[in-house]
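Report on one structure; see the data block that follows.
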Amino acid sequence: MLVRPVILETERLLLSPWERGDEASLAALHATSETSLYVGEGVPWSLDYAKRRIDGWRSAFALRGLATLKLLAKDDGAFIGRAGINWYEDDGAHQVVYSIARHAWGQGYATEIAAALRDWFFTRNIADRLEGMAHVDNKASIRVLTTIGMTPTILRQVRGEPCQFFEIDRVSWERAKAIPSRNPNS
């Protein structure tokens, strides 16, 4: 069995660096108008475009140790999507990012990896504030970001589209961790 390097592990997911040939999975992830609407250039991704994005993420990871990485199912290694934390120079902010393959929608993977990335980010003292962003019509991403404790900040145009920005800071994250769970099974 091939063992991949694991950057982050959750109950059901592994976050791993991109490998040669992964551009096919990434292009398939954003191959339709629906799955590419809010990402990249807003059009379905070609193999060449997916390869260029992976190359950029590999460079960013080598430089900062942060980037969008490949998301896999822990049990069988199936491609689930992409996720990570990216540094956005223009905004001067770290941003949690994720995109889940259509076959895995509705299973809680986005919330699971976004929460794990949030905790990884603050536990490693990378910075004191983490952002998230979602198109105003992307109700699923808005739900994920609020579920992991992010609060809305500004509404801003991104590539001509209205996007809601969110953030969580270290103080809010630490305060939330200190509150005992209301779940009697936890």
Side-chain angles (χ1 to χ4, degrees), residues 1-2 4-58 60-61 66-86 88 95-121 130-150 152 157-166:
M1 179 177 169
L2 178 64
R4 294 177 174 91
V6 174
I7 306 303
L8 180 63
E9 182 176 339
T10 71
E11 182 180 337
R12 302 179 296 162
L13 301 167
L14 300 173
L15 201 57
S16 183
W18 296 100
E19 299 168 346
R20 289 195 191 288
D22 284 338
E23 58 272 5
S25 296
L26 182 60
L29 176 67
H30 298 301
T32 67
S33 296
E34 183 182 21
T35 59
S36 63
L37 184 62
Y38 306 122
V39 296
E41 297 170 345
V43 296
W45 292 22
S46 67
L47 280 173
D48 183 59
Y49 183 75
K51 182 181 181 321
R52 285 185 283 138
R53 292 301 294 265
I54 288 173
D55 289 346
W57 294 330
R58 280 185 179 148
F61 190 74
L66 299 169
T68 298
L69 300 167
K70 177 172 50 174
L71 190 61
L72 304 169
K74 190 174 176 179
D75 60 355
D76 64 4
F79 182 79
I80 298 295
R82 62 179 179 85
I85 295 175
N86 291 326
Y88 288 92
Q95 193 174 103
V96 63
V97 297
Y98 50 84
S99 190
I100 305 300
R102 188 179 190 119
H103 70 84
W105 286 2
Q107 297 177 41
Y109 291 128
T111 302
E112 183 175 331
I113 196 61
L117 283 163
R118 174 206 58 205
D119 294 346
W120 180 88
F121 178 83
L130 180 63
E131 275 190 0
M133 184 264 295
H135 188 281
V136 295
D137 293 334
N138 190 338
K139 304 299 183 209
S141 281
I142 290 170
R143 187 174 47 255
V144 167
L145 295 171
T146 56
T147 298
I148 69 164
M150 291 187 148
Q157 296 286 316
V158 175
R159 292 185 312 272
E161 294 289 329
C163 292
Q164 178 66 58
F165 283 74
F166 295 80

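As the structure is a prediction and not an experimental result, all values here were calculated from the model.
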Please check if atom CD in Q157 has more than 12 non-hydrogen atoms from other residues, nucleotides or ligands closer than 6.0 Å.
-> yes
Report, as yes or no, whether the 6.0 Å neighbourhood of atom CZ on R159 holds more than 12 heavy atoms from other residues, nucleotides or ligands.
-> yes
Can you find a heavy atom in the side chain of [X] that is under 4.5 Å from one in the side chain of [Y]?
X	Y	value
E131	V96	no
I7	F61	yes
V136	C163	no
V158	F165	yes
V97	Y88	yes
Y49	P44	no
H135	P162	yes
I80	H103	yes

Heavy-atom closest pair, residues [X] and [Y]:
X	Y	result
A67	A60	CB-CB, 4.1 Å
L15	A83	CD1-O, 3.6 Å
A27	A50	N-CB, 3.8 Å
L26	R82	CD1-CD, 3.7 Å

Could you tell me whether a side-chain N or O of [X] sits under 3.5 Å from a main-chain N or O of [Y], the two making a donor and an acceptor?
X	Y	answer
N86	T68	yes
T111	G108	no
K74	T10	yes

Return a table of donor-acceptor pairs under 3.5 angstrom between the side chains of residues 113-120 and protein atoms on other chains or two or more places apart.
from : atom 1 : to   : atom 2 : distance (Å)
R118 : NH1    : I148 : O      : 2.5
D119 : OD1    : W173 : NE1    : 2.7

Are the charged groups of R52 and E23 less than 4.0 angstrom apart, N to O?
-> no
Whether W18 and F79 hold their rings parallel, tilted or perpendicular, with breakpoints at 30° and 60° | tilted
Determine, stepwise, if the pair L130 / M150 fulfils side-chain contact (heavy atoms from CB on, under 4.5 Å).
-> CA-CA 9 Å; L130 180 63; M150 291 187 148; 3.8 Å; yes
Show your working on side-chain contact (heavy atoms from CB on, under 4.5 Å) between Y109 and L13 and close with a plain yes or no.
-> CA-CA 8 Å; Y109 291 128; L13 301 167; 3.4 Å; yes
Given the rule in the side-chain contact (heavy atoms from CB on, under 4.5 Å) test, do S16 and L72 qualify, once you have shown the distances and angles that lead to the verdict?
-> CA-CA 8 Å; S16 183; L72 304 169; 4.3 Å; yes
If you measure from CG on L29 to NZ on K70, what distance do you get to the nearest 0.5 Å?
-> 13.0 Å
According to the salt bridge (charged side-chain N to carboxylate O under 4.0 Å, His left out) rule, which pairs have a member within residues 95-114, sequence neighbours left out?
-> R12-E112, E34-R102
Does a side chain donor of either R53 or H30 reach within less than 3.5 Å of an acceptor in the other side chain?
-> no
Between W57 and L69, does a side-chain contact (heavy atoms from CB on, under 4.5 Å) hold up when you go through it step by step?
-> CA-CA 7 Å; W57 294 330; L69 300 167; over 6 Å; no
